[in-house]
K.L.:
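Have a look at this one.
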Amino acid sequence: MSEYALLIILFAPFLGAVALIFVPRREALLTRLVAATSSGICLLASLYIFFAYDIERGGFQFVQRFPWSEELGIAFYLGVDGIGGPLVLASAILLFAGVFVSWHIQDRTKEFYIFLLILAAATIGVFMSLDLFFLYFFYEMSVLPMYLLLGIWGSHTKGYLSMTDPEGRRLRDSVGFIFNFGSNSKEYAAMKLTLFLSAGAVVALMGILLIYHFSGLHTFDILVLREQAHFSGTLATIIWLLIFFGFASIAPIWPLHSWSPVGHAAAPAATSMLHAGVLMKLGHFSIIRVGYEILPETTRDLIPIAAILCVFSIIYGGLVSYFAKDTKYVIGYSSSSHMGYIFLGMAALDYISLTGAVIYMFAHALATGMLFAMAGWVYDQTHTRDIPSLGGLVERMPFLAGAFIVACMASIGMPGTVNFIAEVMIIVGSWQKYPFQVIVAVLGIVLTMAYLFRMMRGLFYGRLVPEYAHVQDTHAFVDRMPLLLMIFCSISLGIFPGHFYEVVRSTVVPMLDRINQVAPLLTQTSTSFLP
Amino acid sequence: MTFDLALTGSDLLLLLPEILLTLWLCLMVCLDFSMRKITHQNLAYLGIGGVLATLVVLIWFDLTGITGTLFKNMFVLDRLAIFFKIFILLATALVMCSSIDSVRTFRFFKGEYYFLVLMSTLGMMFMASAGDLLSVFVTVEFSTFGFYVLVAYLRDDLRSSEAGLKFFILGVFAAGLLAYGISLVYGETGTLIFSDIAGTSGSYGMTIGFLLIFAALGFKIGAVPFHSWIPDTYQGAPTPVTAFLSIAPKGAAIAILIRMFYVALASFKPMWVLLFIAGSILSMTYGNIVAIAQKNIKRLLAYSGIAQIGNVLIGLAAGTKQGSDAILFYLLTYLFANLGAFAVVIGVSHIIKSDEIEDYSGLNRRSPFLAASMLLFLLSLAGVPPLAGFIGKLYLFVAAIDQELYTLLIFGLINIIISMYYYLIVVKKMYINEPLDPSPLTVSIPLKTVVYVGIAGTLLLGIYPKPFIDWAVSATLMFSNIAGPTAAAGSIFGG
C-alpha cells in the first residue's frame, strides 16, 4: 500500500472520470456516487500520506519512478515532500467536498463530474511531480477543464461590479475583436482565464526548455537538475524570471491577476472552490519546486520582486473586495489579496515565514473553499449574488449563517483556526527582512475583517427581503457534510498543528539552507529593498 | 543513364507493396465495371482490405528490416520510406472508411471514387520512396492526378468545380516550377540522384533550382506563401477528399523534403535552415491568425492545417536527427487528430447539411459522442496534455532549442495561445451554446470506427508515446551523423 499511495491518489479521480464515461446518462445518482467514491478513495490515501510522512527522514517520500521516454529524458516520477504532501491533502479535501457541493447539479451531471475529477487529478499531479515535464503536463492539463466548467455550468455576472461594465453583457471588451462575448459573460470569463493561464504556462515552458537545454544533462528530472545543474549570470536571471512570472500568473500576483476574480465569479461553486483553493497554489508551488530547488542562488537575488509585488496584491485585492457588491467577487478578490501573504512568506527566505507560507496555502484552501461553497448555496437558492439586494437570510438559513461566521473567522485568521498559525508565522518570520510589507499585511488583515463582516451582515442580517422568504437552508447530510468536513479540518489542525508544522519544516529547512548558505552572486542582496 | 532491368526476386520483393496495391486496384476497377450487383460499400471494404493487406506487408518489412534500392537509387526502400508508406496507407484506410457515407450521396461514379483514392495512394507511396529528382517529379504528378479529379467530384456543385479548377491551375503551375527547378539542378550538377548531388559544390543555378523545387513542394504541403489554394479547395471539395488532401500528400511531400534536404543538401544546411525558419514562422502565424476569423469549419481546419505545417517545419529548421524524429512523430499525432476531426465534420454535415461553425451550436446535447471526440481532436491539435499533439509539439520544441533557435521557439509558443483561441471558440459552440434544433444526431458504424481510431491514437500517443517515438527514431537512423547541435545559422538568427 505504502509505495503505491501516490498512484492511488492520482489515478483514483482519473479512473473515476473514465468510469463515468460508461455510466448511462439517465443514472444521475450513480454518476454522483462514482464521483464520490473515487474522490473518497483519493481523500483516504491523501490522509494516509499526510500522516505517514516520515518527519525524521524528510525529503521526497512515497517515490515512484517509471521511465517514460529515454529519448527525451522524461520519467514518470512521483514523490511528495513536506510541501507537496499537505497540498495534495488540501486538493483531496476540496475535491471530496466539491463533489458533494455540486450534488444538485442537474444539467449534464455526467460531464460535470468528469471535468471536475480531471481538474482535481491534474492539480494533484502537479503537487507530486518530480519531473519538470510532468509538472508542466499536469499544470497545463488542469487549465482546460476550467474552460468547460466555467463555460457550461457557470453564471453571468450581470455587471454587479459597477466599475467594470455598467452596461452588462452588451458592452464589449477593449479588444472586442477577440473577446466579443461581452465582458460580464461567463464565456468571456472562461476564455480569459484559459488564455491567461495558458500564456503563463508557455512562458514557464520556455523557462523549462531553457533549463533542459542549458543544464546539458538531457533530463527533466528535478532531483538530478537540483544536484547537478548550475546556472549563473544573465541566463539564470532570464530563466528565473520566465519561471517566476509564468507560474505567478496563476498564483495570481498583482499585475497578472485580472483573470482570477472574473473566473471565480463565473464559475460554479465546486469549481471556484478548487480554483481558489488549490489551482492558484499551483503557482506558488511550482515557483518553489522549480525556482527554489533548481535555481537557489538566483532565487535569493531576485525574490525581492515578489516582496514588492505582494504589497500591491494585498492592498489592491483588499480594497476591491471592500467595494465589490457581488459575493463571489468579494471572495475572489480576497483570495487574490491573500495570495500576497504567501508571496511575502516565500520572499523572506526565512524558515518560519516559508513554513508559514506553506501552511497558509493549506489554510486558505479550506477557508476559501468554505466561503465559495456557501456563496454557491446562497446563489442557488436566491439566484442572485448582489449583496445589497440580499439580507436577513439567517432567519431561513441558521446553519449556513453559523458556518459562514466560522469561515469568515478562518479567513481572517482567528486563533483556533489553522489560518491563525500561518498568518502569525508569516508575519513573525518576515518582520526582520520586510518590516514595511508586514505592516501592510497586518493592515490587510484589518481590511479582510472589514469586507468579510460587511458581506456577512449584508447577506445574513438585517431585514429579510420578502422575495427570499422561501429559500432553504442546507438540510440534507450531503449538503452539510462538505462544510463540516472543511470546518473540522481547519479547526483540528488549528488546535493540533504539531505534525503539520513538523512535516513542512522537514522540507523547508534543508531547502533554505541550500538557498542561504551559498556565497552571494551579487555583492548586494537586497535586504532593504524597500524601506 | 542505363537501367539494369533484370530484376531478381529479392528486387521484386522491395516493390511488393506497390505491386500488391496495383493488382488490387485493377481488381477493383474490373469488379466495378463487370459486376453490376456489387455495391459501393462492398467495394469500399474491398479497398480497405487491400490497403490493410499492403499495410501488413510493410509492417513485416519494418520488423524484419528488409530495405534496399532499385533502379540506381530512383526507388529507395529504407526505414524512412516504410514509415511514410505506413503513414499514407493508414490515412487512406481511415479516409476510405469515412467516405462510405458521403459516397452514397454522390450521383455518379461511386465505384471510381475508391479507385481514384487508391491510385493517389499508390502515387504517394512512390513519393515516399523517391530517391532522385526525376522520380520526385513523376511520383508527385502521379499522386496529384487522382486528386484533380477527386476535388471536383461533385460535378453539379459549383464550389466543388471551382475548387477543382483552382487546385488544377495552381497544381500545374507548381508542376512547371518543379520541372524547371529540376532542369536547373541537372544543368548545374549533371546528376539527379540525391546522394550524388550531396557531393557537388554549390552554385547560383543550383540554389535557384532548389528554391523552385522547394516552392513546388511547399505548394503540396500548403506552407505560406504557397498556401493560397488551400482554403477554397478544402471548402469546395467533398469532405472525405478534403480529409485525405489534408494529411496524406502532406506526409508524402514531407518525406521528399526530408530526403532532399537531409541527403542531397546536407552540406548547405546553414542556408536552408534560414529558409525553413522563415517558412515556419510565416505559416504558423498566418495560419493561426487568419483561422480566428473563419466561419466555416472546413476553412478553419484548412487554416489550422497551414499552421500545423508551420509546426512541422520547426523540425526541418532544426535540421538534426532529433528534428526529423520530431517531424515523424508529430505527423502521426496530426494524422489521428486531423482525420478524427474531419470524420466528425463528415458525420455532422451528413445530417445537418452544413459546415458552418454556427451550426455546431449545442452539439454536445445532440450527440455527446461527436462533441466529446471533436473536443479531444481540437485540443490535440492545439497541443493540450495529455493528448498526442502536446507531446508532438514538445518534441519539436526540444529539437529547436537544441539548435538554439530562440526566435522560432518564441513564435511557436505564442502560436499555441493564438491557436487555442479559435479551437476553443468551436468548443464553446459545441458545449456552451444551446442547439437551434435539439434533435439527436446518429453516426454510421464506419464513421464511428474512424472516430474511435482517432480517439485511440490521440490518447495513446499522448499517454504512452514511447513505442512510437522509438519507431520514429529508428526510421531516421540514417541521419545520425547529420550536422551536430552547433549550427551556424542558429546563432545568426537566434542571437
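Within every chain, numbering begins at 1; the chains are lettered A, B, ... in the order of the sequence lines, protein sequences first and strands thereafter.
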K.L.:
For A/L209, is it the side chain, the backbone, both or neither that has a heavy atom under 4.5 Å from a heavy atom of chain B?
P.N.:
both
K.L.:
Taking atom CD of A/E187 and atom CD1 of B/I432, what is their separation to the nearest 0.5 Å?
P.N.:
5.5 Å
K.L.:
State the CD-NE2 distance between B/Q403 and A/H213, to the nearest 0.5 angstrom.
P.N.:
8.5 Å
K.L.:
List the atom of B/Y431, the atom of A/R108, and the distance in Å for their closest heavy-atom pair.
P.N.:
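Minimum heavy-atom contact is O-NH1, 2.9 Å.
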K.L.:
Can you say whether B/I401 sits under 4.5 Å from chain A via the side chain, the backbone, both, or neither, judging by heavy atoms?
P.N.:
both
K.L.:
Checking A/L72 against chain B: side chain, backbone, both or neither under 4.5 Å from a heavy atom?
P.N.:
side chain
K.L.:
Under a 4.5 Å heavy-atom cutoff, which of B/I416, B/I418, B/V473 has the most pairs with chain A?
P.N.:
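Ranked by heavy-atom pairs under 4.5 Å with chain A, first place is B/V473.
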K.L.:
Select one option (side chain, backbone, both, neither) describing which atoms of B/L375 are under 4.5 Å from chain A's heavy atoms.
P.N.:
side chain
K.L.:
Can you tell me how far apart CH2 (A/W68) and CD1 (B/I469) are? Round to the nearest 0.5 Å.
P.N.:
6.5 Å
K.L.:
Chain B heavy atoms under 4.5 Å from A/Y139: which part of the residue, side chain, backbone, both or neither?
P.N.:
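Contact with chain B: none, neither part.
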K.L.:
Check each atom of A/Y212 against the heavy atoms of chain B and say whether the ones under 4.5 Å are side chain, backbone, both or neither.
P.N.:
side chain
K.L.:
Any Lys/Arg nitrogen of B/K466 or A/E71 sitting under 4.0 Å from an Asp/Glu carboxylate oxygen of the other?
P.N.:
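Not counted as a salt bridge, because no side-chain N and carboxylate O are separated by less than 4.0 Å.
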K.L.:
A/R25 and B/P368: which non-hydrogen atoms are nearest, and at how many Å?
P.N.:
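Distance-wise, the nearest heavy atoms are NH2-CB, 3.4 Å.
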K.L.:
Centroid-to-centroid, B/F390 to A/F133, below 6.0 Å?
P.N.:
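Yes, the ring centres sit under 6.0 Å apart.
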K.L.:
What's the separation between atom CZ in B/F329 and atom OG in A/S69, rounded to the nearest 0.5 Å?
P.N.:
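The CZ atom of B/F329 sits 8.5 Å away from the OG atom of A/S69.
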K.L.:
Specify which of A/I74, A/L205, A/V203, A/L144 makes the most heavy-atom pairs with chain B at under 4.5 Å.
P.N.:
A/L144
K.L.:
So which part of A/L210 gets closer than 4.5 Å to some heavy atom of chain B, the side chain, the backbone, both or neither?
P.N.:
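Both backbone and side chain.
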